[in-house]
Amino acid sequence: MRIRIVDAFTARPFTGNPAGVLLLDDAFPDDNRLQNIALEVNHAETAFAHRLPGDGEADWALRWFTPATEVNMCGHATLATAHVLYSTGAHEGPVRFATLSGVLSATPCEDGSITLDFPTAPLTPVELPEGVAEALGTEPLTAFDTGPNIGDLLLELADETSVHALRPDLKALSAYAERGVIATARAENPDLGYDFVSRCFFPNVGIDEDPVTGSAHTALAPYWSERLGRTDLTGLQASRRSGRVRTGLRGRRTLLTGRAVTVIEGELLA
């Protein structure tokens with residue numbers, strides 16, 4: 001079984017968000033084996049995909065596992081999987097994935113990037129939970145629930161500097177959302193090529209800080225599109241590895257565009 005490590009939402013190795021990708025010959029093995037492989041890979045997500053019969057609504061079945069659990073949606077590992085399909089010749093043109101979040105699609109672009117089509121996260125304003133400011137280390141301006149697919153608490157901070165400076169208490173932060181917390185702010189200088197900045201902390205699924213989170217941008221896109229008055233934006237995720245996600249709000253769907261690069265390819269022996 002071939003296994004690849006792909007850096008997603010970047011064109012440069014050792015930046016963006018790394019994901020393990022395994023293309024399976026047959027149906028998924030048992031969940032315990034999938035989870036053990038993801039734990040061994042030990043990246044934020046490992047994606048497993050297998051081809052489906054050609055007469056259905058999807059071309060490939062796709063699942064994602066963190067080192068600790070299976071997740072309902074993952075943007076960067078979907079981008080990484082599409083990149084592997086295209087770079088190996090396993091698939092050409094738009095590809096449809098059957099997932100726990102319904103059918104998600106990926107389309108190759110002429111410039112070498114890939115566009116994902118994901119459901120837009122429903123945003124519901126909520127009262128700022130007691131204690132979240134102390135856990136985060138700063139007082140948020142607003143708080144929103146992001147719905148069942150991603151299960152995060154979205155918090156806008158006062159400015160971009162506050163997002164960069166975050167050093168949260170992750171154990172305390174884990175109490176406030178199913179998956180974790182998205183902290184975001186408007187870009188201080190849009191001339192640098194991005195409109196908003198974010199960081200994502202997901203201690204409940206075994207990820208202290210995710211380098212670049214595609215799924216979070218299905219919530220960030222509608223949030224900032226409403227405030228900035230534009231449907232097409234670029235987000236910078238300001239983790240140590242960093243990466244950029246181009247977003248396009250299309251009503252109930254959000255387009256996520258980025259690049260990916262394979263950095264490791266090997267064989268799974270166990």
Side-chain angles (χ1 to χ4, degrees), residues 1-9 16-29 31 34 37-38 44-66 70-122 146-151 212-222 231-232 245-262:
M1 190 183 301
R2 302 301 293 174
I3 183 168
R4 296 167 176 87
I5 305 299
V6 177
D7 290 343
F9 292 113
N17 201 352
V21 178
L22 292 94
L23 303 184
L24 310 176
D25 293 330
D26 300 304
F28 298 115
D31 289 3
L34 297 176
I37 293 171
E45 259 89 16
T46 298
F48 301 89
H50 69 80
R51 194 186 301 272
L52 294 172
D55 55 355
E57 64 176 0
D59 307 301
W60 291 75
L62 177 62
R63 296 172 71 181
W64 314 278
F65 286 77
T66 77
E70 184 173 12
V71 296
N72 291 332
M73 181 187 289
C74 179
H76 87 277
T78 304
L79 181 67
T81 302
H83 167 78
V84 170
L85 292 177
Y86 297 142
S87 63
T88 62
H91 193 95
E92 294 183 359
V95 56
R96 301 164 299 169
F97 296 108
T99 78
L100 290 177
S101 294
V103 176
L104 309 176
S105 68
T107 302
C109 305
E110 290 184 359
D111 65 357
S113 63
I114 297 170
T115 295
L116 308 179
D117 184 331
F118 273 41
T120 301
T146 60
N149 276 343
I150 58 177
V212 192
T213 314
S215 59
H217 284 75
T218 66
L220 290 163
T231 56
D232 295 323
V245 183
R246 302 202 311 268
T247 65
L249 185 62
R250 304 294 184 264
R252 294 184 178 181
R253 309 296 295 185
T254 294
L255 305 181
L256 309 171
T257 300
R259 295 175 178 268
V261 56
T262 301

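Predicted model, so just to flag it, every value in this text is computed and none were measured.
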Residue pair [X] / [Y]: nearest heavy atoms and the distance that separates them:
X      : Y      : result
Ala38  : Thr66  : CB-O, 3.5 Å
Pro148 : Asn72  : O-ND2, 4.0 Å
Met73  : Trp64  : CA-CZ3, 3.4 Å
Ala106 : Ala82  : CB-CB, 3.7 Å
Asn17  : Ala44  : OD1-CB, 4.1 Å
Ala8   : Ala260 : CA-CB, 4.1 Å

Roughly how far apart are [X] [atom1] and [Y] [atom2], rounded to 0.5 Å?
X      : Y      : atom1 : atom2 : answer
Leu52  : Asp59  : CG    : CG    : 7.5 Å
Phe48  : Phe28  : CZ    : CZ    : 9.0 Å
Leu100 : Asn149 : CG    : CG    : 9.5 Å
Thr78  : Leu104 : OG1   : CG    : 6.0 Å
Leu249 : Arg253 : CG    : CZ    : 12.0 Å
Phe97  : Ser105 : CZ    : OG    : 9.0 Å

How are the rings of Trp60 and His91 set to each other: parallel, tilted or perpendicular (split at 30° and 60°)? perpendicular
Glu57/Arg96 salt bridge by N-O under 4.0 Å criterion: no
Student check: side-chain heavy atoms of [X] and [Y] closer than 4.5 Å:
X      : Y      : value
Leu34  : Arg63  : yes
Leu22  : Ile37  : yes
His76  : Pro18  : no
Leu23  : Leu85  : yes
Glu45  : Val71  : yes
Pro29  : Leu24  : yes
Arg250 : Leu255 : yes
Thr247 : Val245 : yes

Partners passing salt bridge (Lys or Arg N to Asp or Glu O under 4.0 Å) against Arg51 (at least two apart in sequence or in another chain): none
Arg246 meets the salt bridge (Lys or Arg N to Asp or Glu O under 4.0 Å) criterion, sequence neighbours left out, with none
Quick one about Thr107 and Thr115 (side-chain donor to acceptor, distance below 3.5 Å, no hydrogens or angles considered), yes or no? no
So, Thr262 and His83: side-chain donor and acceptor under 3.5 Å apart, yes or no? yes
Would you find a donor on one side and an acceptor on the other, under 3.5 Å apart, between the side chain of Thr99 and the backbone of Gly102? yes
Side-chain donor/acceptor of Thr120 to backbone N/O of Gly251, under 3.5 Å: yes
Can you confirm if the NZ or CZ of Arg259 lies within 45° of the ring axis of Phe9 and under 6.0 Å from the centre of its six-membered ring? no
Qualifying residue, where the test is side chain to side chain contact (heavy atoms under 4.5 Å, CB included) with Leu116 and the options are Thr257, Thr218, Leu256, Thr254: Leu256
Can you sort out the partners of Ser113 under side-chain hydrogen bond (donor to acceptor under 3.5 Å, both in side chains), two or more places apart, ordered by chain and number? Asp111
Apply side-chain contact (heavy atoms from CB on, under 4.5 Å) to the pair Ile114 and Tyr86, showing each step before the final yes or no. CA-CA 10 Å; Ile114 297 170; Tyr86 297 142; 3.8 Å; yes
